[in-house]
2 protein chains.
Amino acid sequence: MSNLELPVLGRDDAAVCCSPMVREPLGEEAAVDLAKMFKALSDPVRLRLLSLIASHEGGEACVCDLTGPFDVSQPTISHHLKVLREAGLVGSERRGTWVYYWVLPGALARLSSLLEAPAGAR
Amino acid sequence: MSNLELPVLGRDDAAVCCSPMVREPLGEEAAVDLAKMFKALSDPVRLRLLSLIASHEGGEACVCDLTGPFDVSQPTISHHLKVLREAGLVGSERRGTWVYYWVLPGALARLSSLLEAPAGAR
DNA sequence: TCCTTGATTCGACGGTTGTCGATATGGCCG
DNA sequence: CGGCCATATCGACAACCGTCGAATCAAGGA
């Protein structure tokens, strides 16, 4: 169940990193890679899931904490969590009966710095 | 040439919105709104378009500068530019024969700050 | 061992998306 | 005016996505 088995694409953001995309044109393969992460963020349920997980006490939440606030079924929540995990945005682990999810801060930081506008002049 | 005409905002975009989503759960309507912007970023062609526009000299580019670097047809480029415009990420204007596009920095700043991880956390 | 609870996977279905070629619009110039 | 160039729109089509209920797997506890 652990995230170790999944081919996560953002694992170490070596080559494809982080200078703001407004400074120089994005490479083709970097764009494909980043688009997958943004696609994972392109659903309201997934955005709220991510936010709920991150702001939950201890920085992690079990699935049972996440099904309540939504109108969608529990299998749908599970599907969205899988999308977030495969995009490299969250990690997960089974502990006894429950499965816990947490946000991988490096992935968010990478996207955040990518979108940064050059502060002052251009 | 044209950046002179553009409003040099930047002092207010922190106030516009957006404490990081990792601090408190995202509201339902805010999530719907933000998901639309991320969806606009969820395609490799659109990501590269945005990056090309922003890094073009003067901070803007005409469509004729944008069709070359891609393998897709001109109508497809036009479609992607429309998606970016309707998401509020770019502005556009016709000047004579050509149509120019530029990035709206406030929109990118909003998303960037939303994804910011609390610095020292975990 | 069986039953219960938590979570994922499966199969299906309707709606959306990216792409194309063809066509339309808008504007410059001879 | 008439032709040409730069963009946008249209209509169609295959692929993908979000959602559901049903079935399955995993872990405890009687």
Side-chain angles (χ1 to χ4, degrees), chain A residues 1-8 28 31-50 52-53 56 60-87 89-102, chain B residues 28 31-50 52-53 56 60-87 89-102:
Chain A
M1 158 53 57
S2 78
N3 51 335
L4 297 178
E5 308 150 5
L6 289 173
V8 171
E28 192 164 349
V32 170
D33 199 47
L34 292 163
K36 290 176 186 171
M37 295 202 203
F38 284 122
K39 178 165 288 184
L41 296 176
S42 72
D43 182 274
V45 174
R46 287 198 290 268
L47 274 182
R48 290 175 62 205
L49 275 174
L50 200 64
L52 263 178
I53 293 170
H56 201 263
E60 61 179 16
C62 95
V63 179
C64 60
D65 296 320
L66 300 172
T67 45
F70 297 93
D71 286 338
V72 300
S73 70
Q74 189 273 331
T76 297
I77 294 293
S78 193
H79 161 71
H80 285 309
L81 288 171
K82 183 179 183 181
V83 172
L84 289 172
R85 183 161 28 96
E86 289 178 342
L89 295 171
V90 303
S92 72
E93 183 189 17
R94 171 156 223 141
R95 289 206 283 276
T97 305
W98 299 279
V99 176
Y100 289 85
Y101 284 79
W102 58 88
Chain B
E28 192 164 349
V32 170
D33 200 46
L34 292 164
K36 291 177 186 171
M37 296 201 203
F38 284 121
K39 178 164 289 184
L41 296 176
S42 72
D43 182 274
V45 173
R46 286 198 292 269
L47 273 182
R48 290 175 63 204
L49 275 173
L50 200 65
L52 264 178
I53 293 169
H56 201 263
E60 60 179 15
C62 94
V63 179
C64 60
D65 296 320
L66 301 173
T67 44
F70 296 94
D71 286 338
V72 300
S73 69
Q74 181 271 326
T76 298
I77 294 292
S78 192
H79 161 71
H80 285 309
L81 288 170
K82 184 180 183 181
V83 172
L84 288 173
R85 184 161 27 94
E86 288 179 344
L89 294 171
V90 303
S92 71
E93 184 189 15
R94 171 157 224 144
R95 288 205 283 278
T97 304
W98 298 279
V99 176
Y100 290 85
Y101 284 79
W102 58 87

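Worth knowing before you read on, the calculation uses all heavy atoms, side chains too, and leaves out hydrogens, waters and symmetry mates. Lettering follows sequence order; numbering is per chain, from 1.
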Trainee: Looking only at non-hydrogen atoms, find the nearest pair between Leu66(B) and Phe70(B) and report the distance.
Mentor: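 Scanning both residues, the minimum pair turns out to be O-CD1, 3.0 Å.
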Trainee: Could you give the OH-to-P distance, from Tyr100(A) to dT8(C), as a whole number of Å?
Mentor: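 In whole Å, dT8(C) P lies 13 Å from Tyr100(A) OH.
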Trainee: Figure out the CH2/C1' separation between Trp98(A) and dG28(D), and round it to whole Å.
Mentor: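 Spelled out: CH2 on Trp98(A) to C1' on dG28(D) is 9 Å.
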Trainee: Please confirm whether the shortest side-chain N or O distance from Tyr101(A) to OP1 or OP2 of dT8(C) is below 4.0 Å.
Mentor: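 True: Tyr101(A) side-chain N/O within range (under 4.0 Å) of dT8(C) OP1/OP2.
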Trainee: Check the distance between dA27(D)'s C1' and Glu93(A)'s CD and give it to me in whole angstrom.
Mentor: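 Roughly 15 Å, once rounded to whole Å.
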Trainee: In whole angstrom, give the distance that lies between atom CG of Leu47(A) and atom P of dG18(D).
Mentor: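 Going from Leu47(A) (CG) to dG18(D) (P), I get 12 Å.
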Trainee: Going 5' to 3' along nucleotides 17-30 of chain C, which nucleotides have protein heavy atoms under 4.0 Å from the base (write B), which only from the sugar-phosphate (write S), and which from neither (write -)?
Mentor: SSBBBB---SSS--
Trainee: Can you list every side chain to side chain donor-acceptor pair (under 3.5 Å) pair that touches residues 63-76 of chain B, not counting sequence neighbours?
Mentor: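 Pairs touching residues 63-76 of chain B that pass the test: Ser73(B)-Thr76(B).
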Trainee: According to side chain to side chain donor-acceptor pair (under 3.5 Å), who are the partners of His80(B), at least two apart in sequence or on a separate chain?
Mentor: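 Partners of His80(B) under the side chain to side chain donor-acceptor pair (under 3.5 Å) test: Arg46(B).
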Trainee: Show the nearest heavy-atom pair for residues Ala31(B) and Pro44(A), with the distance to one decimal.
Mentor: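 Nearest heavy atoms, Ala31(B) then Pro44(A): CB-O, 3.8 Å.
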Trainee: Check the distance between dG6(C)'s P and Lys82(A)'s NZ and give it to me in whole angstrom.
Mentor: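 Lys82(A) atom NZ is separated from dG6(C) atom P by 22 Å.
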Trainee: What is the distance, rounded to the nearest whole Å, between atom CG of Leu66(B) and atom P of dA6(D)?
Mentor: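 The distance from CG of Leu66(B) to P of dA6(D) comes to 14 Å, rounded to the nearest Å.
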Trainee: Counting only N and O atoms by type, is there a donor-acceptor contact under 3.5 Å from the side chain of Ser78(B) to the main-chain atoms of Pro75(B)?
Mentor: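 No.
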Trainee: Donor-acceptor check, side chain of Arg95(B) to backbone of Thr97(B), threshold 3.5 angstrom: yes or no?
Mentor: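 No, Arg95(B) side chain to Thr97(B) backbone: no donor-acceptor pair under 3.5 Å.
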Trainee: Taking CD from Glu86(B) and P from dA8(D), how many angstroms apart are they, rounded to a whole number?
Mentor: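 Nearest whole value for this atom pair: 12 Å.
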